[in-house]
Amino acid sequence: MRSSGGLRLPRAAYPLGLSVCLLLYVAYIKWHWASGAQALLSITEVASGGRGGQRTRIPPAMAPLSHQAFYGIMFDAGSTGTRVHIFHFSQRPGETPTLKRETFKALEPGLSAYADDIEKSTLGIQELLDVAKQDIPFNFWKATPLVLKATAGLRLLPGEKAQKLLQKVKEVFKASPFLVRDDCVSIMNGTDEGVSAWITVNFLTGRLENPGSRNVGMLDLGGGSTQISFLPRSEDTLQAAPPGHLTALQMFNRTYRLYAHSYLGLGLMSARLAILGGVEGQPAPDGKELVSPCLPPSFRGEWEHAEIAYRIAGQDTGSLHELCANRVSSVLHNQVHRTEEVKEVEFYAFSYYYDLAADVGLIDMKKGGSLLVGDFELAAQYVCRTAEVRPLSSPFACMDLTYISLLLQELGFPRSKVLQLTRKIHNIETSWALGATFHYIESLGRQKSLAS
Ligand SMILES: *[C@@H]1O[C@H](CO)[C@@H](O)[C@H](O)[C@H]1NC(C)=O
Ligand SMILES: *[C@@H]1O[C@H](CO)[C@@H](O)[C@H](O)[C@H]1NC(C)=O
């Protein structure tokens, strides 16, 4: 998922999963060292007793019942910029934590722009760290995990350059007053990203709170890859899943077996190139023009993708929509695993799914909304037909809508299926960052309880 800029101070608070104790344990064990608060010791002892069988030395009745705060800092190092998310949580002993607010700041360009001047990358990181210092009370610094996860931009750099950049960031982090572990800096793959986004959406919709509640699925369409994640209930789905499509996730004292997959090369921009007949990372042979039935017949222009410029043009034969659909179908042929169960799961869709639906007016640009999978097909038919007679706002509109419509159908979504398209849930941006923060805090808790 892509995030956008601006400082956000959402007011609403949300309940979360079962394992209150675990989060308490993680966040407070450090804090009680810092503050010397005796009462908090009892919480951490009770918590580790629940997991690891330690005996409680101080009666839980002595635990304070007031809300306790804890925090998490997540850096999102994307291809176009670096963003910091500072999450403020609140939790009462024995109850589910809530997200009080999030502070957000973005800087451009992305880390990958500094591949050849690594020292310079630290200035931006430092600036964002200063935002975190201003935002989090200083007595919480030592207990607040600081993490950076990199996405597409760094994944594309040659391994050595990416590692050097990340090493530099780690040095800056280690010199900060926050809780910094050896695994504080890493590059996420598409599956990690999809799983973290799944956690975010299910947390924000309150689905992780109650083990019996139905979880929601997550669809994401980026430039290079596309992701699908949901929690299967049917044994058939688990049995039929291809290798690598199932992920075990431990979250809030529960283990989830998620169906989560990222299709590299099926993001919208990579798909455009494939539909045009181009090859990723290669210029067209002899600068040849790429001609496609998915572009308006009269269109001729240049399109840049992954720093390569392609000459592209429409072709004036037959019905645009039909020819384009045939072309897109051949690109998608045997590329995607179809799951029957997606018909029965409520799905949220993000990124280009949202943008394209908003561009053609299927949903409100600001508020989002819901639509039927078949609406993408109707919009594609209309837009492609219009393209035959007059120029479109984007020469890619017919291609993109046809692609989205057929991608969803290949994934197993019937035309009558309702999708929710949204950027925010309860006023919180639905990025992978929140889910990845929970996931990280959870893993700290596991390490702690193993060590104790
Ligand atoms: C985790 O769940 C198990 C049972 O599913 C329970 O016995 C245990 O107390 C829970 N631990 C925490 C920390 O909530
Ligand atoms: C993605 O990375 C995780 C570790 O962060 C790993 O467990 C998983 O196997 C990777 N998945 C793919 C498809 O590479």
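As the structure lists them, so they are numbered: ligands from 1, and atoms in each ligand from 1. Computed from heavy atoms alone, side chains included, the values below leave out hydrogens, waters and symmetry copies. Keep in mind it's a predicted model, so treat the numbers as computed, not measured.
Using the six-membered ring where Trp is involved, H85 and F87 have ring planes that are parallel, under 30° apart on the 30 and 60° scheme. The aromatic rings of Y71 and F140 stand perpendicular to each other, their planes meeting at an angle above 60°, with 30° marking the opposite boundary.
The single protein non-hydrogen atom nearest to atom 3 (C) of ligand 2 is D192 OD1, 3.4 Å, given as residue, atom name and distance. The nearest heavy-atom contact from the protein to atom 10 (C) of ligand 2 is N189 ND2, 2.4 Å.
Salt-bridge check for R83 with E429: failed, with every basic side-chain N at 4.0 Å or more from each acidic carboxylate O.
When each atom of ligand 2 is checked for a heavy atom of T191 under 4.0 Å away, the hits are 13 (C).
In this structure, F89 has its ring center under 6.0 Å from that of F438.
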